[in-house]
Amino acid sequence: MVAMLQVNVSELVAASWDSRLDRGKRSVLFSPPPSTSIMSSSFPIPNANLFIFGCPRSGTTLLAELINAHRQALVLIERHGILNSTKQLNLASYQPACVGDFEALKCEHQLVNSDLLNRLQAQSILRYGDKLPKLYEHQAFFDQVKGIDVTFVATLRNVFDVCLSYLARLQSTNDPWSYSIQDGVRDWNTYISRVRQIAKDHRVLVFDYDAASSGFSEFNAFVTVCKGVYESIGLASADDCIDMESLQGVYTRAHGSLPSVNPERAARRLSPEQMRAIVLQADFTGYVELLQMGEERICYPIQPPVAAG
């Protein structure tokens, strides 16, 4: 039964690939190449403001944690998520002096690591911001910061693993998560479309979560991936700039939880109807376009912001 299901899914995916992905047909969609380069691009980052966003369940928390292992970065974890969800987010919420002001800023996550706060108070932070998965839905915020040197890092993960993660949380007994696989495809499609629109006016880097995970097999490889990310956002990658103990903790949490991208794996958890819905509804064309911009890099710019006037 399982074998037959895998064959049917493979045929379904292959048919969709031929009809919709003829421009790319990149194997990275299902199995990121182990030789993927992590070299950063020559993309200057002149300002401290840094925000991470992406489709939910696409690695935004992991990216924030590995960036926070750098001694000159502080990325909050959905600290102002309520302001974002109510479309009241503004750049003033991220003034360093406002970090401890929980009530006025309606912070969703009130606890911040004391070591990170010490960095901020010592004025040693060069990159400062938040990770807000659905920030891409808040157009007013992007309008507000247009023309300001703000850097956005957008995580990119394949739709199959995103939907499997939605399903896993939905089926978890103690998890208040209420989003279905259909919600996952919808959110993923919206994100794929929005990130390209946002990049027309803003500095946007893409973090290829699937390609990065191929370097998580052992800690030294993970450190190499992280150093590439640091360089991409304008931070030094020397060992003395990195809290290796903190990075080891991030690696321990991530290692073993990032399966290889494989539609047959999805088939073992999803019904044929669910797989068909994903394949027929997902915007693979837009996804492959984003992948191709990377030219096999893990963290790369979509394009420089359009010059005003």
Side chain [X], main chain [Y], donor-acceptor under 3.5 Å:
X      : Y      : answer
Tyr191 : Thr155 : yes
Gln144 : Leu91  : yes
Ser165 : Val162 : no
Arg194 : Tyr136 : yes
His70  : Ala236 : yes

Thinking salt bridges, do Asp239 and Lys227 make one under a 4.0 Å N-O criterion? yes
Answer yes when Asp187 and Lys134 have at least one side-chain N-carboxylate O distance shorter than 4.0 Å, and no when they do not. yes
Are side-chain heavy atoms of Arg203 and Asp149 found at a separation under 4.5 Å? yes
The criterion is side-chain hydrogen bond (donor to acceptor under 3.5 Å, both in side chains); which residues satisfy it with Glu137, sequence neighbours excluded? none
Residues in side-chain hydrogen bond (donor to acceptor under 3.5 Å, both in side chains) with Asp183, at least two apart?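 Ser180, Arg186.
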Which pair of heavy atoms, one from [X] and one from [Y], lies closest together, and at what distance?
X      : Y      : result
Asp130 : Val75  : C-CG1, 3.7 Å
Phe284 : Val279 : CE1-O, 3.5 Å
Leu270 : Met275 : CD1-SD, 3.7 Å
Tyr300 : Leu291 : OH-CA, 3.7 Å
Asp210 : Tyr287 : OD2-OH, 3.5 Å
Thr60  : Gly54  : CG2-N, 3.8 Å

Asp175: partners by side chain to side chain contact (heavy atoms under 4.5 Å, CB included), with sequence neighbours left out: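 Listed in chain order: Arg169, Ser172, Trp177.
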Rounded to the nearest 0.5 Å, how far apart are [atom1] of [X] and [atom2] of [Y]?
X      : Y      : atom1 : atom2 : answer
Arg157 : Asp161 : CZ    : CG    : 4.5 Å
Asp208 : Ser58  : CG    : OG    : 11.0 Å
Gln197 : Gln139 : CD    : CD    : 8.0 Å

Phe141 vs Phe51 aromatic rings, parallel, tilted or perpendicular, using cut-offs 30° and 60°? perpendicular
Hey, do the aromatic rings of Phe142 and Phe152 have their centres closer than 6.0 Å?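 Ring-ring flag for Phe142/Phe152: true, centres closer than 6.0 Å.
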